[in-house]
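Worksheet: the structure to be examined is printed underneath.
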Number of protein chains: 2
Amino acid sequence: MVRMADVARAAGVSVMTVSNVLNERLPVGESTRARVMEAVEALGYEVNLTARHLRAGRTDTVAFVVPSFHDYFGELADQVAPLVEAEGRHLVLERTSANAEQEMEALSVARLRIYDGVLLSVAGLDLETLARVRTAKPIVLLGERDVPEHFNHVRLANESGAHLATAHMIERGSRRILALGCSPDATHMMTDRRVGWENACHEAGLAADPAYVVPVSDYTSLGGREAMLKVIASGLPFDGVFAVTDIVALGALSALADSGLRVPGDVQLAGFDNLDMSRFIPPGITSVDVNREGVAEAAVGLLHRQMSGWTGPAEHVVAPVRLVVRGSTRGGA
Amino acid sequence: MVRMADVARAAGVSVMTVSNVLNERLPVGESTRARVMEAVEALGYEVNLTARHLRAGRTDTVAFVVPSFHDYFGELADQVAPLVEAEGRHLVLERTSANAEQEMEALSVARLRIYDGVLLSVAGLDLETLARVRTAKPIVLLGERDVPEHFNHVRLANESGAHLATAHMIERGSRRILALGCSPDATHMMTDRRVGWENACHEAGLAADPAYVVPVSDYTSLGGREAMLKVIASGLPFDGVFAVTDIVALGALSALADSGLRVPGDVQLAGFDNLDMSRFIPPGITSVDVNREGVAEAAVGLLHRQMSGWTGPAEHVVAPVRLVVRGSTRGGA
DNA sequence: CTGTTAGCGCTTTCAT
DNA sequence: ATGAAAGCGCTAACAG
């Protein structure tokens, strides 16, 4: 491990001169500078950032802590990265692995402290853990659940989005719409989307029959597919499906296709998140667009404000959504 | 910023006693321990990991450096994470943002040094940058291109996979198969997949006409879709498409559907990567499965071996692939 | 069981 | 223009 002192010795100067050459802080004589650079090359020296970070009291790094790396969060992270980098900081992603059996708790508050700022996705994070996070560190919460007042928070207009999607399918002729992936449980994170579905049904004079609220074992395409197959097998009549996420919607689409039900002819289908793939999957999945760029901008904006020393009250942003109509609902293409 | 010294003062003990309590290293008297814990709680103390890292000379953290967070790399990262965590280390993802206009070069060698080990995806990384990476740090390269001998490297059996997919479609009746997303350029990273396609064609006594090698503007579904539409508009006759990635294949599927071409009736379609979605997109996309779990295990295994002090010669793993047949090719369901 | 000393590698401050 | 000293917050090693 080559230290700055090694370079200094090789070049016959003090460590401070090496530091000044490398950081271009104080002016250094041309010949000295040349000798230093030569020694740096010869020894293959690279600065030890850990030491610099300790000394500086900051790491110039922002963490985005997500429940998993794929799909929605991966796409969101790609939006966040350039915004963070534009402020001259690095972005790293970490998982709330929440592997309780592991002795290592991934989301220790201490770990968050190594970052200058943290974007924390609250999906799959128990509120107790969240309560322990009382830190002065700039932090912005991201996700669809209620959080303590004092946190900055960006969430989606879930109810409004679910309402849009459901009302659209009703307008296009559906009368019995499943709420796939919603839960009857009031404390559940997908509650807002179920409420949006309910309201849309009621406003159209339709029943929001609890039998049409169909939970999924997990928020994957497989989970959506299996729940959908079960409904089909049960004989429950339906002519529309509102899926809580595009991933779940894809599973539903798969099940419908295998069962010989045509989309949108027999059943209309709409999802939530507007993932890139939803545009391309025939016949195109109608979806609630969550404006990932806007969410990323809002979150990074709040974070940056905190990192700049702002100490005003926390803000709670509800990012607007819009419906993108495609072929999986009638009139979509 | 609460320091350990603050806790020590509040509890009326020395900093070492605080350290011993928190790390459970040396035994501490029960009453002392209680007072320390009380002070920790009262002050809301959290250990400064940067200082600990400097002192310890390691960070217990592994970085996976990827070109982008979504799709293939997001899914791979989810496989890598538990393997790294099983060894008691944290995993973080970083992007090779390669934003040249930014003054910040994301992939400075110094930055890699803050990690105990690095998994580095070489996709979208110029060889020059790679050559600069002469470090003692444990590092494993990941991706489809040639790299200097002295690096540990995990890549896929690209040629074999492309051959499998192409031969399968030929066997099922296709005679004019497009190589979508491949490039005629020999130095290109998708060369191996083009060669596999060529060989499969030749072995079946078919021409591997360069006109059937269709590049894409970028490896997205949109890129695949537009290239596909252009081919259709050109009138070039074809009855099969081998797409270099599932993402590109999805774009092709979209274009085929919009053009009234049935899959697999008029055109068979196969992709590469076997993303989760490919199983669910009707009629199911036949794809080359790259065994992400195996790739993750091989890469993390090599990395762990290096981190344990192994100094033998570098290994170059070629991960085997297999074809997963689905509805987008005949006989798939 | 508890305290003191030293030092991880770097940079801020002050002196020359 | 260059160098010496001090210290960021922590913990290994040793002393008591």
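Convention: sequence-line order gives letters A, B, ...; per-chain numbering from 1. Just so you know, these numbers use all the heavy atoms, side chains as well, and skip hydrogens, waters and symmetry mates.
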Legend entry - N-O pairing of A:Arg292 and A:Asp273 below 4.0 Å: no
Legend entry - A:Gln306 side chain to A:Thr311 backbone, donor-acceptor under 3.5 Å: no
Legend entry - Nearest-Å distance for atom pair CZ/P, residues A:Arg9 and D:dA4: 14 Å
Inset, instruction - Tell me yes or no: between the side chains of A:Asn158 and A:Arg145, is some donor less than 3.5 Å from an acceptor? - result: no
Legend entry - Audit row: B:Val318, B:Val154, side-chain contact (heavy atoms from CB on, under 4.5 Å) steps and yes/no: CA-CA 6 Å; B:Val318 177; B:Val154 179; over 6 Å; no
Inset, instruction - Name the residue closer to the 5' end of DNA chain C, choosing between B:Pro27 and A:Asn20 according to the nucleotide with the nearest heavy atom. - result: B:Pro27
Legend entry - Donor-acceptor side-chain pairing of B:Asn152 and B:Glu315 below 3.5 angstrom: no
Inset, instruction - Using chain A heavy atoms and a threshold of under 4.0 Å, write down where along DNA chain C the contacts begin and end, 5' to 3'. - result: C:dG9 to C:dT12
Inset, instruction - Measure the shortest side-chain to side-chain distance between B:His153 and B:Arg155 over non-hydrogen atoms and say whether it is less than 4.5 angstrom. - result: yes
Inset, instruction - Determine, for nucleotides 8-16 of chain D in 5'-to-3' order, which nucleotides have protein heavy atoms under 4.0 Å from the base (write B), from only the sugar-phosphate (write S), or from neither (write -). - result: BBBBBB---
Inset, instruction - Could you tell me whether the side chain of B:Leu76 reaches within less than 4.5 Å of the side chain of B:Val295, counting heavy atoms only? - result: yes
Inset, instruction - Using five base pairs at each end, measure the axis-to-axis angle across the helix from C:dC1-D:dG16 to C:dT16-D:dA1 and round it to 10 degrees. - result: 40°
Legend entry - Salt bridge B:Asp116-B:Lys137, side-chain N to carboxylate O under 4.0 Å: no
Inset, instruction - Ignoring backbone atoms, establish whether A:Thr17 has a side-chain N or O less than 4.0 Å from OP1 or OP2 of D:dA1. - result: no
Inset, instruction - Check whether any side-chain heavy atom of B:Glu75 lies under 4.5 Å from a side-chain heavy atom of B:His70, and answer yes or no. - result: no
Inset, instruction - Scan B:Gly29 against the nucleic acid and name what it touches under 4.0 Å (heavy atoms): base, sugar-phosphate only, or nothing. - result: sugar-phosphate
Legend entry - Flag, side chain of B:His316 to backbone of B:Phe151, donor-acceptor distance under 3.5 Å: yes
